[in-house]
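To start, the structure under review is shown below, and the notes come after it.
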Amino acid sequence: MLAGLHDFAVNSTRIEFFMVVIILFAGSFYFAMKGFWRIRKGHIIQDAATAKVRSAAQGYVELIGHTKLMDGLPIVSPLTDTPCVWYRYTIEEYQNNAKEGRWNTNQARTSDNLFLLEDETGCCVIDPEGAEVIVLEKNCWYGDSLYPQKGIKPNTAKRAALFAGGGGFRYTEYLLLEHEPLYAIGEFKTLGTGEDILNLEDEVRELIIKWKQDPREWTRFDSNHDGQLDLQEWQKLRKAAHQEIIDAHQHQTIAAVHVLQKPERAKLPYLLSNRDPDYLIQRYRLRAWPLVLLAIFAATAGAYLVQMRILA
């Protein structure tokens with residue numbers, strides 16, 4: 001291999017040489033960033049402190065509980081009609097040409113339905129959009145039509161027509177089922193309190209403006225009938241408006257809603273999984289090192305080419 005690199009460094013044109021060197025160093029940088037990002041994900045999971053839904057602080061948090069469906073229509077995987085809280089599937093078609101055969105993705109879909117994480121203190125709505133979801137439940141099977149036949153269990157269907165004249169479809173399905181353990185780390189927000197539910201000051205201000213436009217409402221606070229409201233009269237008006245708004249809402253049941261979603265900061269991972277956190281940490285680390293080694297190899301090859309070109 002070194003001989004091949006040496007020959008290329010000595011005999012290639014200037015354009016060819018610089019193109020290859022740029023590709024090698026750019027690839028080295030890309031692989032290094034991808035590898036270190038995976039290592040960093042493992043460190044973030046390792047360092048995160050687990051919070052409870054009821055007492056979790058606003059911001060980036062780690063939650064552990066189990067999955068639960070929200071009220072309403074059930075979530076069902078389209079390929080197997082399996083009830084679940086989340087699914088992802090791909091349908092690939094086997095294309096066989098004169099030289100080689102390969103799988104091409106025909107259709108892919110990821111569930112974006114909301115579901116719940118529940119622990120002993122309460123429930124949190126999970127918005128899976130933008131999340132990296134790592135699950136145990138994976139099914140892969142084969143068939144001879146675009147959509148799999150219903151009733152055929154995954155992993156038992158034969159590879160129909162796959163190696164006999166082309167054709168054939170491969171179905172892959174990932175599922176997160178209800179009542180499974182759930183590890184989640186992302187942006188935690190509580191909606192339904194403060195400005196999200198009832199902003200008294202805004203409603204009081206709007207009511208006062210409305211009273212100003214109605215002389216009958218305005219004059220009932222003008223005790224001395226001078227056409228203006230002094231400080232005491234103004235305080236009485238505000239107190240009355242405040243009390244009217246509170247009375248209007250006294251029969252409403254206002255509940256806080258906790259939501260976990262993708263962080264606004266791109267450098268923070270959003271992860272959902274039914275695997276143990278220790279497994280996730282190890283998984284990220286093991287998958288990082290091949291990328292780091294590729295980065296070292298590409299950088300070394302680029303540096304060797306430059307050195308041989310200079311010495312030539």
Side-chain angles (χ1 to χ4, degrees), residues 40-77 82-88 110-138 174-201 203 246 249-284:
R40 184 171 181 268
K41 281 185 178 180
H43 284 306
I44 290 174
I45 295 172
Q46 186 176 34
D47 296 339
T50 305
K52 299 298 182 183
V53 171
R54 182 183 298 172
S55 58
Q58 303 297 292
Y60 194 68
V61 301
E62 175 188 270
L63 300 173
I64 296 179
H66 63 269
T67 58
K68 183 179 179 181
L69 281 170
M70 299 182 67
D71 294 335
L73 295 175
I75 302 173
V76 179
S77 174
T82 304
C84 58
V85 299
W86 176 90
Y87 62 82
R88 181 175 71 241
T110 301
S111 170
D112 59 0
N113 298 95
L114 304 177
F115 59 94
L116 297 174
L117 178 148
E118 184 178 47
D119 64 14
E120 62 271 22
T121 68
C123 291
C124 176
V125 176
I126 302 295
D127 181 358
E129 184 176 358
E132 179 183 2
V133 184
I134 301 172
V135 295
L136 277 166
E137 191 73 15
K138 175 187 175 182
Y174 299 86
L175 297 174
L176 185 58
L177 306 177
E178 189 176 18
H179 306 305
E180 284 190 325
L182 181 62
Y183 172 89
I185 186 167
E187 189 77 15
F188 183 86
K189 293 184 178 180
T190 300
L191 309 177
T193 59
E195 294 182 357
D196 297 309
I197 276 293
L198 179 62
N199 193 320
L200 288 178
E201 289 303 317
E203 297 201 34
I246 291 177
H249 288 280
Q250 65 180 347
H251 299 299
Q252 294 183 5
T253 301
I254 302 171
V257 178
H258 307 296
V259 179
L260 194 75
Q261 60 189 20
K262 183 179 180 180
E264 296 180 0
R265 294 168 56 190
K267 293 184 178 181
L268 293 175
Y270 182 30
L271 175 65
L272 306 172
S273 180
N274 56 4
R275 304 300 299 262
D276 184 84
D278 291 337
Y279 166 85
L280 298 174
I281 295 169
Q282 190 68 14
R283 181 179 188 268
Y284 281 125

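Between F115 and L182 there is a side-chain heavy-atom pair separated by less than 4.5 Å. Counting heavy atoms from C-beta outward, Y87 and T82 have side chains that stay 4.5 Å or more apart.
Taking both residues in full, the closest heavy atoms of L280 and S273 are given as CD2-OG, 3.7 Å, listed atom of the first, atom of the second, then distance. Taking all atoms of both residues into account, the shortest heavy-atom contact from I75 to V85 is CD1-O, 3.4 Å. Across L63 and A51, no two heavy atoms sit closer than the pair CD2-O, 3.4 Å. Pairing each heavy atom of L272 with each of A131, the nearest pair is CD1-CB, 3.8 Å. Considering every non-hydrogen atom in both L177 and C84, the closest pair reads CD2-CB, 3.9 Å. In this structure, F188 and A57 approach most closely via the heavy-atom pair CD2-O, 3.5 Å.
Residues meeting the side-chain hydrogen bond (donor to acceptor under 3.5 Å, both in side chains) test with Y284, sequence neighbours left out: E132. Evaluation of the salt bridge (charged side-chain N to carboxylate O under 4.0 Å, His left out) rule for E62 yields no partner, not counting sequence neighbours. The side-chain hydrogen bond (donor to acceptor under 3.5 Å, both in side chains) search around K189 returns none, not counting sequence neighbours. Every residue two or more places apart in sequence or in another chain that forms a side-chain hydrogen bond (donor to acceptor under 3.5 Å, both in side chains) with S111 is listed here: N113.
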Side-chain atoms of residues 256-270: list all donor-acceptor pairs with protein atoms under 3.5 Å, sequence neighbours left out, distances to 0.1 Å.
from	atom 1	to	atom 2	distance (Å)
H258	ND1	T190	OG1	2.9
Y270	OH	D127	O	2.6
Y270	OH	L260	O	3.1

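In this structure, N274 contributes its side chain and L136 its backbone to a donor-acceptor pair below 3.5 Å.
A salt bridge (Lys or Arg N to Asp or Glu O under 4.0 Å) check over residues 111-120, counting only residues at least two apart or in different chains, returns the pairs K52-E120, K68-E118.
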